[in-house]
Amino acid sequence: MALVFTALRVLLGVAFALSGAVKLTDQISEETHAHMSSQFVQFASVFPLRVVGVEVDPVQYLALTGWLELVCGVLLAFGPRLLQEISNLVLSVVMMVAIFTLLCCRSRSPDPQLGYATFQGSSSPGDELSAPQVSFFKNDLFRLFL
């Protein structure tokens, strides 16, 4: 059983490291890097700490996320036990921020027929968020995982 968990840990670590490397350089996949660069412009507009006044540059946000995923992925796969635990925590926070960001981005362009979340405020794509004000329908989180 320990072999299975070790294999899973190494596989997840390598996946995170590869994901971080793609965010940092276009040498692996130029198309994917360009897509991520354009997506992080939108992601920076719904950054969770904007509520307290923290503004992020999309390029720096992409680089920070890429480095966190790369370093923590390598430590998760091949690091000592203590650093594996720390990288678990950091990657968990990165994934929570990613889920929040994707929910906020999705809520900015709602589809009323599907009953997804709606953004309360201005709905034009160029408008900036002063704070993420999102209201969810009762079963929206359930639909997220379907």
Does any pair with a residue in residues 15-27 pass side-chain hydrogen bond (donor to acceptor under 3.5 Å, both in side chains), and if so which ones, sequence neighbours excluded?
S19-K23, S19-E69, K23-E69

Does a side-chain heavy-atom distance below 4.5 Å link I28 with L18?
yes

Who else is in V41's hydrophobic cluster (ILVMFWY, side-chain heavy atoms under 4.5 Å, direct or via others)?
none

Go through the structure and list residues passing salt bridge (Lys or Arg N to Asp or Glu O under 4.0 Å) with E30, not counting sequence neighbours.
none

Hey, any chance M95 and L75 share a hydrophobic cluster, counting ILVMFWY side chains that come within less than 4.5 Å of each other, even indirectly?
yes

Path from V22 to V74 over hydrophobic side-chain contacts below 4.5 Å
no

If hydrophobic clusters are built by linking Ile, Leu, Val, Met, Phe, Trp and Tyr wherever their side-chain heavy atoms come under 4.5 Å apart, do L3 and F5 end up in the same one?
no

To the closest 0.5 Å, what do you measure between OG1 (T65) and CG (L70)?
12.5 Å

For the residue pair P58 and A44, what are the closest heavy atoms and their distance?
CG-CB, 3.9 Å

Hey, could you give me the CG/CG distance between L76 and L12, rounded to the nearest 0.5 Å?
6.5 Å

CG of L89 to CD of Q84: how many Å apart, nearest 0.5 Å?
14.0 Å

Quick one: ring pair (Phe, Tyr, Trp, His ring centres under 6.0 Å) pairs with a partner in residues 65-89, sequence neighbours left out?
none

CG (L62) and CZ (F43) are apart, to the nearest 0.5 Å, by 10.0 Å

Is there a donor-acceptor contact under 3.5 Å from the side chain of R50 to the main chain of E55?
no

Applying ring-ring contact (aromatic ring centres under 6.0 Å, His included) to Y61 and not counting sequence neighbours gives F40, F47

Taking all non-hydrogen atoms of both residues into account, name the closest pair between L91 and G73 and its distance.
CD1-N, 4.3 Å

Could you state the interatomic distance from CG (L24) to CE (M36), rounded to the nearest 0.5 Å?
10.5 Å

Summary of side-chain hydrogen bond (donor to acceptor under 3.5 Å, both in side chains) pairs that have at least one residue in residues 1-17, sequence neighbours excluded
none

Distance in Å, L82 CG paired with S87 OG, rounded so as to fall on 0.5 Å steps:
9.5 Å

With the 4.5 Å side-chain cut-off for hydrophobic clustering, are L64 and V54 part of the same group?
no

Evaluate C105 against Q39 for side chain to side chain contact (heavy atoms under 4.5 Å, CB included), listing each step before the verdict.
CA-CA 10 Å; C105 287; Q39 287 293 309; over 6 Å; no

Determine whether L102 and V97 fall in the same hydrophobic cluster, where Ile, Leu, Val, Met, Phe, Trp and Tyr are linked whenever their side-chain heavy atoms lie under 4.5 Å apart.
yes

Closer than 3.5 angstrom, by distance alone: can the side chain of T32 be matched with the main-chain N or O of S29 as a donor-acceptor pair?
no

